[in-house]
Novice: 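Mind having a look at this structure? Questions to follow.
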2 protein chains.
Amino acid sequence: MKVNGLDYRAVWMEKEALCMIDQRVLPFRFDIVTSYSCQVSSNAIRNMTVRGAGTIGATAGYAMAQAFRDIPPGNMDQALIFLEQAKKEIENTRPTARDLFFATDKVYHAGIQALVKSGPQIAYQLALAEASSIADAYVFNSRMIGVYGNEMIPENARILTHCNAGWLALVDYGSALSPVYVAFKQGKNIKVWVDETRPRSQGAKLTAWELSNQGIPHTIIPDNAAAYLMSKGLVDLVITGADRIAVNGDAANKIGTLEKAILAKEYGIPFYIAAPLSTFDPECPDGDHITIEERDQAEVLFSMGPDKDGEMHEILTCNPGSQAFNPAFDVTPARLIKGYFTEQGIKTL
Amino acid sequence: MKVNGLDYRAVWMEKEALCMIDQRVLPFRFDIVTSYSCQVSSNAIRNMTVRGAGTIGATAGYAMAQAFRDIPPGNMDQALIFLEQAKKEIENTRPTARDLFFATDKVYHAGIQALVKSGPQIAYQLALAEASSIADAYVFNSRMIGVYGNEMIPENARILTHCNAGWLALVDYGSALSPVYVAFKQGKNIKVWVDETRPRSQGAKLTAWELSNQGIPHTIIPDNAAAYLMSKGLVDLVITGADRIAVNGDAANKIGTLEKAILAKEYGIPFYIAAPLSTFDPECPDGDHITIEERDQAEVLFSMGPDKDGEMHEILTCNPGSQAFNPAFDVTPARLIKGYFTEQGIKTL
């Protein structure tokens with residue numbers, strides 16, 4: 001999507017450099033971070049320079065490809081041990097994200113076959129081609145999610161979304177926001193309620209930034225205000241992304257998604273999950289089998305942003321000495337989900 | 001309750017000065033603000049130097065008494081106009097709070113009767129006596145709410161609370177937290193989950209501060225995490241305060257309370273409201289008749305707190321230029337409320 005008139009993806013390869021929009025400093029700064037090694041790219045996933053299901057997947061794929069270029073001199077056994085370790089390192093960064101495992105697996109296997117046959121240089125080329133094709137697939141699939149999801153957005157819709165499942169999260173276009181972009185482009189009169197999404201405020205910071213860039217009417221609300229809006233008849237549908245969807249349809253997504261799904265059920269409002277098929281995990285039978293990442297309590301205790309002079313500060317927003325609990329995701333049971341927007345159409349159970 | 005070894009109320013009269021713990025700067029500073037006029041006291045309610053149903057009520061009562069001392073020279077008609085205006089000014093500060101109207105009414109009528117009979121000096125004395133008795137009643141009633149509410153707290157209970165309905169909010173002891181204090185004093189092994197309570201973070205800032213002062217085990221959670229905890233069986237009961245309770249049992253309280261009540265119902269967890277009888281409004285038939293205060297969007301867009309050197313900053317935590325919607329309260333329908341902890345026992349509908 002366009003930023004200041006130029007087209008960007010959330011992550012892309014430029015010659016030898018993996019380039020990533022730094023989502024930790026958005027919306028206050030627009031910085032591009034580069035990485036020349038698997039380890040640095042892995043770390044960018046872990047420290048949330050990049051985040052969001054598809055963008056994590058694409059970055060993980062590129063990182064896995066970089067590992068083939070990083071293979072140190074030695075014999076084939078040593079190379080295989082090195083690659084296996086690199087794969088584990090990438091996979092340990094964000095355990096809830098299905099797309100991460102999907103991408104590392106694909107790139108790993110593409111590279112390994114070439115490594116045995118043709119050596120590390122060709123292996124790197126083929127791994128990189130696989131990673132690029134994964135990133136391109138996210139872009140294509142996101143676009144299709146938008147085309148299908150748009151069918152469920154009526155004229156004058158007021159859409160509630162949680163966290164950021166826009167183009168920053170899916171390389172381009174987005175999952176939950178892609179239908180919004182299509183609807184707006186078609187001239188539908190729509191409005192988006194943007195959940196702030198504490199503790200990291202991806203809604204207030206990233207989704208609001210995306211929607212602002214496209215000129216789409218939106219209003220940020222505290223996460224506490226969703227039931228109030230629903231009780232007043234001000235929400236027509238809810239769309240969120242997902243980080244992993246089990247075989248039975250249970251969906252892990254940003255903490256608080258479960259709350260919104262329960263509220264939507266209470267008020268008879270359709271609740272949709274938008275995600276590419278790569279987010280559906282055929283090896284995960286149900287939500288109980290999804291590992292929920294617990295993140296540092298500092299994310300709850302401290303907030304970062306600019307003061308009125310634009311100077312950035314990290315401030316404490318809680319009682320000094322009190323502890324916080326910070327589960328990053330929750331699981332919404334399939335019975336609360338009306339449908340899944342995918343690149344192959346809208347799935348229902 | 002004790003702060004640094006000394007006993008405090010949230011608001012009290014000291015000779016001619018109305019003294020208030022400044023709840024805007026807690027937990028980072030413990031400051032006492034004083035007011036010598038109705039107007040300054042009114043403003044302290046409006047700008048949330050003091051907040052919470054009972055503390056607003058007590059402060060409003062004292063402010064109304066101060067108005068009798070503030071009567072400018074003139075005839076009786078002018079005095080009555082002045083007092084009527086002062087009453088309206090107080091009542092316009094926080095329209096959702098039932099206790100505010102309850103207290104101004106009582107003090108106004110006590111003072112007016114004396115004014116006509118005995119002049120402004122005696123009127124002030126009697127109005128002040130009435131205001132003091134209202135404050136004392138909050139303290140007594142809060143204590144009784146604790147005694148009764150404690151009966152519903154089992155051994156090893158994990159209690160979720162929203163916002164601050166502790167002693168800061170009810171002059172002393174509290175409504176939702178008073179049973180927690182009683183249970184803890186009795187030696188029950190309890191733990192409190194403290195909702196952060198965006199946008200003003202009264203949970204993370206005030207409730208966590210209160211519980212820390214008393215050494216009660218507690219953990220702050222993002223408002224988004226309540227359903228996750230409930231889905232994992234980690235919440236045994238929910239207790240919140242209320243700002244106004246209608247005749248049919250619908251209860252207005254801090255934005256987000258409705259969400260927690262819906263979640264509690266989903267998971268079969270008892271949801272209780274704790275409030276003195278002064279919060280029950282006999283003139284309000286149901287929740288649809290409760291005015292919901294909408295506050296400045298700046299409360300959502302900006303956060304205040306100290307950096308690591310203790311210097312206070314106000315920072316932007318949202319996309320620059322995006323707007324926010326900030327309803328301060330929501331209404332929980334009676335059907336979601338298992339019982340009401342009051343000074344006369346536990347009421348059910």
Side-chain angles (χ1 to χ4, degrees), chain A residues 27-28 193-194 196-199 201 204-209 211-212 218-229 231 254-259 262-263 265-266 292 297 300-308 312-327 329-331, chain B residues 27-28 193-194 196-199 201 204-209 211-212 218-229 231 254-259 262-263 265-266 292 297 300-308 312-327 329-331:
Chain A
F28 310 116
W193 295 111
V194 179
E196 177 182 32
T197 320
R198 286 279 299 152
S201 299
K205 289 182 170 172
L206 304 180
T207 296
W209 179 80
L211 296 171
S212 281
H218 66 283
T219 302
I220 298 166
I221 57 165
D223 300 301
N224 281 322
Y228 174 81
L229 291 178
S231 74
K254 182 59 51 204
I255 190 78
T257 304
L258 171 58
E259 299 204 8
I262 293 169
L263 304 178
K265 176 192 145 203
E266 177 75 14
I292 297 296
Q297 63 168 346
V300 181
L301 302 175
F302 297 92
S303 286
M304 173 101 85
D307 65 18
K308 66 178 167 23
M312 297 292 284
H313 301 281
E314 187 178 66
I315 61 168
L316 177 65
T317 59
C318 297
N319 178 54
S322 289
Q323 307 291 302
F325 178 56
N326 185 20
F329 302 93
D330 54 28
V331 174
Chain B
F28 310 117
W193 295 110
V194 179
E196 176 182 33
T197 320
R198 286 281 297 155
S201 300
K205 288 182 171 173
L206 304 180
T207 297
W209 180 80
L211 295 172
S212 282
H218 66 282
T219 301
I220 298 166
I221 57 164
D223 300 302
N224 281 322
Y228 175 80
L229 291 178
S231 74
K254 182 59 51 201
I255 190 77
T257 305
L258 171 58
E259 299 203 0
I262 293 168
L263 304 178
K265 176 192 146 202
E266 177 76 14
I292 296 296
Q297 63 168 347
V300 181
L301 302 175
F302 297 91
S303 288
M304 172 101 84
D307 65 18
K308 66 178 168 22
M312 297 293 284
H313 300 282
E314 187 177 65
I315 60 166
L316 177 65
T317 59
C318 296
N319 179 53
S322 288
Q323 306 290 304
F325 178 56
N326 185 21
F329 302 94
D330 55 28
V331 174

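Proteins come first, then strands; the chains are lettered A, B, ... in the order of their sequence lines, and each starts at number 1.
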Novice: Hey, what do you get for OG1 (A:Thr317) to CD (B:Glu196), rounding to the nearest 0.5 Å?
Specialist: 5.5 Å

Novice: If I measure from the heavy atoms of chain A, does B:Glu314 come under 4.5 Å with its side chain, its backbone, both, or neither?
Specialist: backbone

Novice: Side chain, backbone, both or neither: which part of A:Lys254 has a heavy atom under 4.5 Å from chain B?
Specialist: neither

Novice: What pairs with A:Thr219 under side chain to side chain contact (heavy atoms under 4.5 Å, CB included), at least two apart in sequence or on another chain?
Specialist: A:Lys191, A:Trp193, B:Phe325

Novice: Contact part of B:Ser201 toward chain A, heavy-atom cut-off under 4.5 Å: side chain, backbone, both or neither?
Specialist: side chain

Novice: Looking at chain A, which one of B:Lys205, B:Glu266, B:Met304, B:His218 has the largest number of heavy-atom pairs inside 4.5 Å, strictly under?
Specialist: B:Glu266

Novice: Looking at A:Ile255, A:Ile221, A:Val331, which makes the most heavy-atom pairs under 4.5 Å with chain B?
Specialist: A:Ile255

Novice: Using non-hydrogen atoms only, which part of A:Ser231 is less than 4.5 Å away from chain B: side chain, backbone, both, or neither?
Specialist: side chain

Novice: Can you tell me which of B:Asp330, B:Leu258, B:Asp307, B:Asn326 forms the most heavy-atom pairs within a distance under 4.5 Å of chain A?
Specialist: B:Leu258

Novice: Of the backbone (N, CA, C, O) and the side chain (C-beta and beyond), which part of A:Ile292 lies under 4.5 Å from a heavy atom of chain B, both, or neither?
Specialist: side chain

Novice: At a 4.5 Å cut-off on heavy atoms, which part of A:Leu229 comes close to chain B: side chain, backbone, both, or neither?
Specialist: side chain

Novice: Who wins among A:Ile220, A:Leu206, A:Thr197, A:Asp223 for the most heavy-atom pairs under 4.5 Å with chain B?
Specialist: A:Ile220

Novice: Heavy-atom pairs under 4.5 Å with chain B - which of A:Gly321, A:Pro27, A:Ser212 has more of them than the others?
Specialist: A:Pro27

Novice: Quick check for you: among B:Phe329, B:Phe302, B:Tyr228, which has the greatest number of heavy-atom pairs under 4.5 Å with chain A?
Specialist: B:Tyr228

Novice: Counting distance only, does the side-chain N/O of A:Glu259 pair as donor-acceptor with the main-chain N or O of B:Ala226 below 3.5 Å?
Specialist: yes

Novice: Using heavy-atom distances under 4.5 Å, tell me whether A:Phe28 contacts chain B through its side chain, its backbone, both, or neither.
Specialist: side chain

Novice: Side chain, backbone, both or neither: which part of B:Pro327 has a non-hydrogen atom closer than 4.5 Å to chain A?
Specialist: side chain

Novice: For the residue pair A:Ile262 and B:Ala227, what are the closest heavy atoms and their distance?
Specialist: CD1-CB, 4.3 Å

Novice: Which one wins on heavy-atom pair count under 4.5 Å against chain B: A:Ala225, A:Cys318, A:Pro320?
Specialist: A:Cys318

Novice: Heavy-atom distances under 4.5 Å only: say whether B:Met312 touches chain A with side chain, backbone, both or neither.
Specialist: neither

Novice: Apply side-chain hydrogen bond (donor to acceptor under 3.5 Å, both in side chains) to A:Gln297 and list each qualifying residue two or more places apart in sequence or on a separate chain.
Specialist: A:Gln323

